[in-house]
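All values reported here derive from a predicted model rather than from experimental measurement. Residue numbering restarts at 1 for every chain, and letters A, B, ... go by the order of the sequence lines.
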There are 2 protein chains.
Amino acid sequence: MNKNKISPAVVRRLPKYFRYLTNLENEGIEKISSRQLSEITGFTASQIRQDLNHFGGFGQQGYGYRVTDLKNSIIKIIGLNQEYNVAIVGFGHIGQAIYRYRGFDTKKFNVLGVFDLEDYEALDGKVKVQSIDKFEDFLTKNQVDIVVLTVPKEEAQKVSDMLVGKNVKGVWNFAPTNVKVDDNIPVENIHLSESLYTLIYYMGNPEQYIEK
Amino acid sequence: MNKNKISPAVVRRLPKYFRYLTNLENEGIEKISSRQLSEITGFTASQIRQDLNHFGGFGQQGYGYRVTDLKNSIIKIIGLNQEYNVAIVGFGHIGQAIYRYRGFDTKKFNVLGVFDLEDYEALDGKVKVQSIDKFEDFLTKNQVDIVVLTVPKEEAQKVSDMLVGKNVKGVWNFAPTNVKVDDNIPVENIHLSESLYTLIYYMGNPEQYIEK
DNA sequence: TAGATTGTTAATCGATTAACAATC
DNA sequence: TAGATTGTTAATCGATTAACAATC
């Protein structure tokens with residue numbers, strides 16, 4: 001496992017491999033060659049082989065890759081073989097959508113707490129939303145791995161400042177701003193407006209659009 | 001305007017320039033050099049100058065860039081000087097979050113219709129959700145520029161197939177799958193799970209994380 | 001004019017693709 | 001063994017950074 005210097009481009013393809021392999025597995029397909037995967041994913045076979053070999057030799061010459069084995073390997077590479085404790089800060093439309101999103105395995109993502117401006121009960125009493133005033137104390141008393149930030153941009157940095165020294169391992173930021181946290185804590189941004197604006201640019205310049 | 005071959009990397013920075021320049025303008029700052037912008041954005045001054053010069057010479061030697069002028073230029077480059085008609089297909093958590101999202105200028109994005117499995121009224125009667133059966137006919141009778149796809153992945157391709165020949169100009173896809181549409185229609189994907197999984201990878205390998 | 005900063009070309013760096021020997 | 005396909009090195013391509021002449 002030469003994990004020394006995996007490029008961001010490779011890292012962002014890992015979840016895609018996971019997705020395509022999961023689909024293949026669900027279709028009952030047991031083996032796949034880099035050539036076949038290439039047709040499905042749109043990546044070149046060469047790129048697929050090189051990507052995978054950053055993490056080890058998962059294939060078999062003359063045969064290809066066993067779908068389930070490769071999928072399980074990628075699960076471990078990404079870290080999806082573990083559970084994660086989550087706190088959602090900001091329980092507006094996006095916070096609620098994330099809370100209820102069925103797209104990820106809910107067994108693996110354990111929402112420990114939900115925070116907003118004040119205490120209240122949401123979703124017919126099923127969710128106890130806590131005041132943001134209690135957030136720092138909560139982080140001290142609970143091991144929160146992932147903080148999901150869905151607060152307005154004015155508040156995003158204030159909340160981020162509360163994470164210092166709390167053993168939070170990552171921030172998933174939906175606020176339309178770039179927050180600063182400890183250097184060793186990764187931040188993954190979902191900037192909805194930027195995504196929409198990129199689409200609009202290509203709508204006006206479709207000849208420049210390159211699929212995928 | 002040499003728009004011949006703008007690289008995707010440059011295009012994705014345009015909304016970021018727009019965001020930073022908007023902030024600067026709101027702070028009342030009138031001029032900025034590429035050096036100063038570099039400190040704010042984290043891009044190199046060289047990159048900023050080169051990015052902008054793909055679209056024209058917006059600066060003034062020895063002075064820098066006028067914030068408002070540059071912002072307005074970028075608005076036009078992206079295409080944010082126009083209005084867009086939007087249809088939201090899928091009115092679950094994410095569809096609703098997009099519908100109500102305040103992050104983008106609602107005057108520019110005109111939601112013409114909302115579609116889901118069946119007719120009903122949502123949000124205290126304020127939103128008439130229409131059955132997906134009426135979607136194709138709706139597209140024929142209305143100029144929909146942007147289709148926001150927030151349906152389950154099994155339905156995403158079916159809905160995409162309805163867009164053929166309907167003069168839709170772009171698809172903003174939240175379904176965790178890659179949909180196929182006409183080659184000249186750009187598709188911008190928001191794959192939430194992939195974003196979260198990328199974060200998790202870096203949480204397990206923080207030394208590989210490169211800010212931004 | 002002198003100082004500052006752009007616009008632009010050239011050099012570097014990194015990521016993708018091609019090629020092929022290794023091997024199942 | 002022969003055919004297929006990987007793992008890996010080398011070649012290419014593209015994007016970023018550096019440098020500097022142009023010019024405000």
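Rounded to a whole Å, the CZ atom of B:Arg66 is 14 Å from the P atom of D:dC24. Between B:Asn53 atom CG and C:dT8 atom P the separation is 5 Å, expressed in whole Å. Rounded to whole Å, the distance from CZ on B:Arg35 to P on D:dA18 is 12 Å. Per the geometry, CD belonging to A:Gln61 stands 6 Å off P belonging to D:dG7, to the nearest Å. Here D:dA15 presents its C1' atom at 13 Å from CD1 of A:Ile210, a figure rounded to the nearest Å. If you take CG of B:Leu37 and C1' of C:dT5, they are 13 Å apart, rounded to a whole angstrom. D:dA15 atom P lies 13 Å from atom CZ of B:Arg12, rounded to whole Å. When the P atom of C:dA15 is taken as reference, atom CD1 of A:Ile6 falls 11 Å away, rounded to whole Å.
Look at C:dG7: its Watson-Crick or wobble partner, with both distances under 3.5 angstrom, is D:dC20. The pairing partner recorded for C:dT12 is D:dA15, the criterion being a Watson-Crick or G-U wobble arrangement whose two distances lie under 3.5 angstrom.
Residue B:Gln36 is the one, among B:Gln36 and A:Pro8, whose nearest nucleotide of DNA chain C lies closer to the 5' end (criterion: closest heavy atom).
More than 12 heavy atoms of other residues, nucleotides or ligands shown are found within 6.0 angstrom of CG on B:Asn81.
Closest to the side chain of A:Thr44, from the set C:dT17, D:dA22, C:dT16, is C:dT17. Closest to the A:Tyr65 side chain, of the nucleotides C:dT5, D:dT6, D:dT17, is D:dT6.
Residue B:Arg49 places none of its side-chain N or O atoms closer than 4.0 Å to OP1 or OP2 of C:dT9. In this model, the phosphate group of C:dT6 is approached by a side-chain N or O of B:Ser34 to a distance below 4.0 Å at OP1 or OP2. Note on A:Gln47: a side-chain N or O is less than 4.0 Å away from OP1 or OP2 of C:dT16.
The one candidate from A:Tyr84, A:Phe135, A:Phe138 that meets the side chain to side chain contact (heavy atoms under 4.5 Å, CB included) condition with A:Val144 is A:Phe138.
Taking the ring centre of A:Tyr65 as origin, the terminal cationic atom of A:Lys31 falls outside the region bounded by 6.0 Å and 45° from the ring axis.
Side chains of B:Glu83 and B:Asn110: a donor-acceptor N/O pair is absent below 3.5 angstrom, by distance only.
You'll find a donor-acceptor pair under 3.5 Å spanning the side chain of B:Gln50 and the base of D:dT17, going by distance alone. Applying the 3.5 Å distance criterion, the base of C:dA18 shares a donor-acceptor pair with the side chain of A:Ser46.
Salt bridge A:Lys180/B:Glu211: absent, no basic N to carboxylate O contact under 4.0 Å.
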